[in-house]
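Contents: one structure, followed by commentary.
Because the structure is a prediction, the values reported are computed rather than measured.
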Amino acid sequence: MAFLRIKSGNSVGSEFELLDGSTQLGRHPSCELIVQDSAVSRRHAKIESEGGDCFITDLQSRNGTQLNGVDVIKRQKLKHGDEIQICDTIFSFHAYRNKPSDLVDFVDDGGASASSIRKKVDLDSSYRKSDHSITLSKLRTMIDITRALSQTLSLDDVIPKVLDSLFKIFPQGDRAFIVLCDEEGELGNHWVKDRRNRETKLMVSRTIIKEAIRSKEAFLSEDAFTDQRFDLTKSIAGFSIRSVMCAPMIDNDGKAIGCLQIDTLDSSQHFDQDELDLLATVAMQAGISVQNAQMHEQALNQRAMDRDLELAREVQLGLLPKDHLQVEGYEFYDYYEAANKVGGDFYDYIDLKNGRFCTIVADVAGHGIASALLMAKFSAEVRFALASTESASMAVRQINNSIIQLGLKRFITMILAIVNTEKNTITVVNAGHMDPIIHEGSGVREISREIAGLPIGIMEDFEYEEMECTIEPQTTILLYTDGVNESMDRDGNQFGHDRVIETVRTTENSARQVGERLISEVKKFEDTSVDNDDTCVVCISRL
C-alpha cells in the first residue's frame, strides 16, 4: 500500500498509509491526514488512489501545494520517491515499501484460522525464557550469527545476514522470507531469498503471517501439501512446497515487528518441532537486531537534520542586525526567538540618507526552513526597494510585486516604518500586520489601522497607503509579531491584544523598559509545552 513519510517539519520519520479512494490533507480534524500548521489550509490537498496509481490535487489552498518544488496546478500522478510540500512540511511519496520484492505474492487463505497448523510454539513465553534443545553445530552457528548481527547497525546489512543465517541453520530450506510491520501493524517491507538465487515467485500466506505476528506464535507445517490450512491452487501446488515454518520477530519490548518464513520443496527434508524452536530463537535475535538498526537509522537521520537546522539557524541569525542602531536622541530595543531552530519572523534597521532610518518587522505565514528561506529573499528585496525609491508606500508595492513573481503562494505581513530624525516624524506602511503601538504623554494608542493594506504576496500591483505622525519627546513605539499576542498558556488561552496594550501602558516610557517587560510578561504567561509561534519585538524611543 502506498504511504507518505515526513521528511521535514514536525514528526520527521512518521509514516501515513494512503487510503483506497481519497485521502485529504489539512488542518481540519475531519481530514484523514492532519497537518498542524497555521499556514496550512483547513482542507489543503487530497491524494486519490485509483487502480494502483495515486494522484494529488491542490484544493485551492491559501499557500499552495508543491510537487518536487513545482506548484500543483492540476491533478497530477505521483511517482515513487516524489516530494510533496505543504507549507513547512515535506512528505516523500512511496508507492511501495522500501526494497520491495516482486518475487512475493501475499495470498489470503479464505480466512481459515492458523490454529489448524499442526505444531506451534508460543514466543511470548519463549521471549521470557528460552530453553531449546539444539545440536552443537547449530549452536555454534547461532553464536556466530548473533555476534555478526550485534555488530551490524544498518538495516540494509541486517536483513541479508538474517536471510543467509536461515540457510546455514536449516540446510534443507529452499526459500527464506522476511516481512516487517509498519507503524499501523500492517505488512510492509519484505525481502525474499532463494538458496540457489533462482528468481521464482514465492507465495506467502497473509493469514498465517498476520496470525503469527498477532499471537506471537511460531507455526510449523511438516507437510504443507496435505495441510488443509493452505489453498493448494495458489500457495502449494504451483511450487510443490512440502514443509513450512514461520516465526514472528520480537523486539526488546516484546513487541512483534515482523515475521520470518522458510520453506522446503523436498518432501524428504521436512522441518520438525526442534527446528521450529530454533527458528523462534533466530526470529527473536533478528527482531532485536532489526529494532537496533531502525533506531540507529532514525538517530542518524535526526542528527543530520539537527546539524542542517543549526547551520540554517546560524545563516538566518546572520541576516538579522548584529547591534542596535545608534542614532542620537533615540533608544532601541529588539528581541527575536524562533519557535524552532529557524523561523519566519524578521526585523531589520536600514540607514537612509538625509537623517532617516527604516525599521522593518515582518512575519512569513508559518515557520520553519521554508519560511526562513523566503524571509532571506524578502530581506534582499526590502533593501533593493528602499534603495530604488524614497516613497515608503512605493517601496512596499515593489516588494509585494517581487515576492508575487516568485510564484510561491505564501504571504508575509509587515510594518515598514521610516523615522526622520531631523523632523522627528515616523512614516508607516502596514501590509496586513498588527498596528504599531505608541506610548506617549497622552497615553497609549495604535496607528496605521485605517491605512492597513493586504499582506505581501496576495495581490499584484496593490496600492499601499502610508501615514505620518510626529514623535514627541518621551515617546516609545512598539512593533511586534503575532508570536506575542497569540502566545498560549496550558489551557489554550492567548496572551492577547489587551495584555499587550496594558503592558505598554503600565511600563516606564523607554524602548528597553517596554521591550524587556513585554517579553518577561509573555514568558511568564506562555506554556513551553505548547507549540507557540516565532516571536519578534522592536521598540524605538525618542528620548
Are Asp53 and Lys77 close enough for a salt bridge, meaning some N to O gap below 4.0 Å? yes
Could you check if a side-chain atom of Ile471 sits within less than 4.5 angstrom of a side-chain atom of Tyr330, using non-hydrogen atoms only? yes
When every non-hydrogen atom of Asp348 is compared with those of Pro321, the smallest separation belongs to OD1-CG, 3.5 Å
Check: Thr427 side chain, Glu468 main-chain N or O, donor-acceptor pair, under 3.5 Å: no
Residues, nucleotides or ligands: over 12 heavy atoms within 6.0 Å of Arg75 CZ: yes
Under 3.5 Å, is there a donor-acceptor pair between the side chain of Arg410 and the main chain of Ala365? yes
Closest heavy-atom pair and its distance - His44, Cys87: CE1-SG, 4.1 Å
Salt-bridge present (Glu390, Lys353; N to O < 4.0 Å): yes
Is a donor from one side chain sitting under 3.5 angstrom from an acceptor on the other, for Thr476 and Asn509? yes
Salt bridge Glu83-Lys7, side-chain N to carboxylate O under 4.0 Å: yes
Count the heavy atoms of every other residue, nucleotide or ligand shown that sit under 6.0 Å from CG of Asp489, and state whether that count exceeds 12. yes
Distance from Leu479 atom CG to Cys539 atom SG, nearest 0.5 Å? 7.5 Å
Are the side chain of Asp482 and the backbone N or O of Glu486 linked by a donor-acceptor pair below 3.5 Å? no
Any Phe55 side-chain heavy atom under 4.5 Å of Leu78 side chain: no
Judged by modelled atom types alone, do His296 and Gln291 share a side-chain donor-acceptor pair under 3.5 Å? no
Note, Asp82 side chain near Ser92 side chain (heavy atom, < 4.5 Å): no
Are the side chains of Phe411 and Ile456 in contact, using a 4.5 Å heavy-atom criterion? no
Going from CD on Gln66 to CD on Gln85, what distance comes out if it is rounded to the nearest 0.5 angstrom? 5.5 Å
Would you name the heavy atoms of Tyr336 and Asp345 that are closest together and state the gap between them? CE1-O, 3.2 Å
Verify, without hydrogens or angle tests, whether Asn252 (side chain) and Ile288 (backbone) share a donor-acceptor contact under 3.5 angstrom. no
In terms of side-chain heavy atoms, does Thr507 have a donor or acceptor partner in Arg517 at a distance below 3.5 Å? yes
Distance alone, cut at 3.5 Å: any donor-acceptor contact between the side chains of Thr535 and Glu337? no
Could you pull out the closest heavy-atom pair between Ala39 and Asn63, with the gap in Å? O-ND2, 2.8 Å
With heavy-atom distances below 4.5 Å as the criterion, would you say the side chains of Thr475 and Ile438 are in contact? yes
How long is the span from the CG atom in Leu33 to the OG1 atom in Thr23, to the nearest 0.5 Å? 7.5 Å
Between Asn401 and Glu460, a side-chain donor and acceptor under 3.5 Å: no
Give the C-alpha distance, both sets of side-chain angles, the deciding distance and a yes or no for side chain to side chain donor-acceptor pair (under 3.5 Å) between Asn485 and Gln494. CA-CA 7 Å; Asn485 55 293; Gln494 293 189 347; 5.3 Å; no
Interatomic distance, CG@Leu374 vs CD1@Ile403, rounded to 0.5 Å, equals 5.5 Å
Contacts of type ring-ring contact (aromatic ring centres under 6.0 Å, His included), residue Tyr333, not counting sequence neighbours: none
Arg445 and Glu440 ion-paired at < 4.0 Å: yes
Using side-chain heavy atoms (C-beta onward) and a distance below 4.5 Å, is Leu18 in contact with Phe93? yes
Salt bridge flag under 4.0 Å for residues Arg505 and Glu502: yes
Measure across Ala511 and Ser541 and return the closest heavy-atom pair with its distance rounded to 0.1 Å. N-OG, 2.6 Å
Regarding Ser448 and Asp435, is there a side-chain donor-to-acceptor distance under 3.5 Å anywhere? yes
Main-chain N/O of Ile437 paired with His439 side-chain donor or acceptor, under 3.5 Å: no
Please check this pair: side chain of Thr389 against backbone of Ser391, looking for a donor-acceptor N/O pair closer than 3.5 Å. yes
Parallel, tilted or perpendicular: which describes the rings of Phe16 and Phe91, with under 30° parallel and over 60° perpendicular? perpendicular
Within the 4.5 Å heavy-atom criterion, are Thr481 and His433 side-chain neighbours or not? yes
Any side-chain heavy-atom pair from Ile250 and Ile257 closer than 4.5 angstrom? no
Is it the case that more than 12 heavy atoms not belonging to Met394 sit under 6.0 Å from its CE atom? no
If only side-chain N and O atoms count, and only distance matters, is there a donor-acceptor pair under 3.5 Å linking Thr65 with Asp58? yes
Take atom CD in Glu450; do more than 12 heavy atoms of anything else shown fall under 6.0 Å from it? yes
Under a 4.0 Å threshold between the charged nitrogen and the carboxylate oxygen, would Glu32 count as salt-bridged to Lys46? no
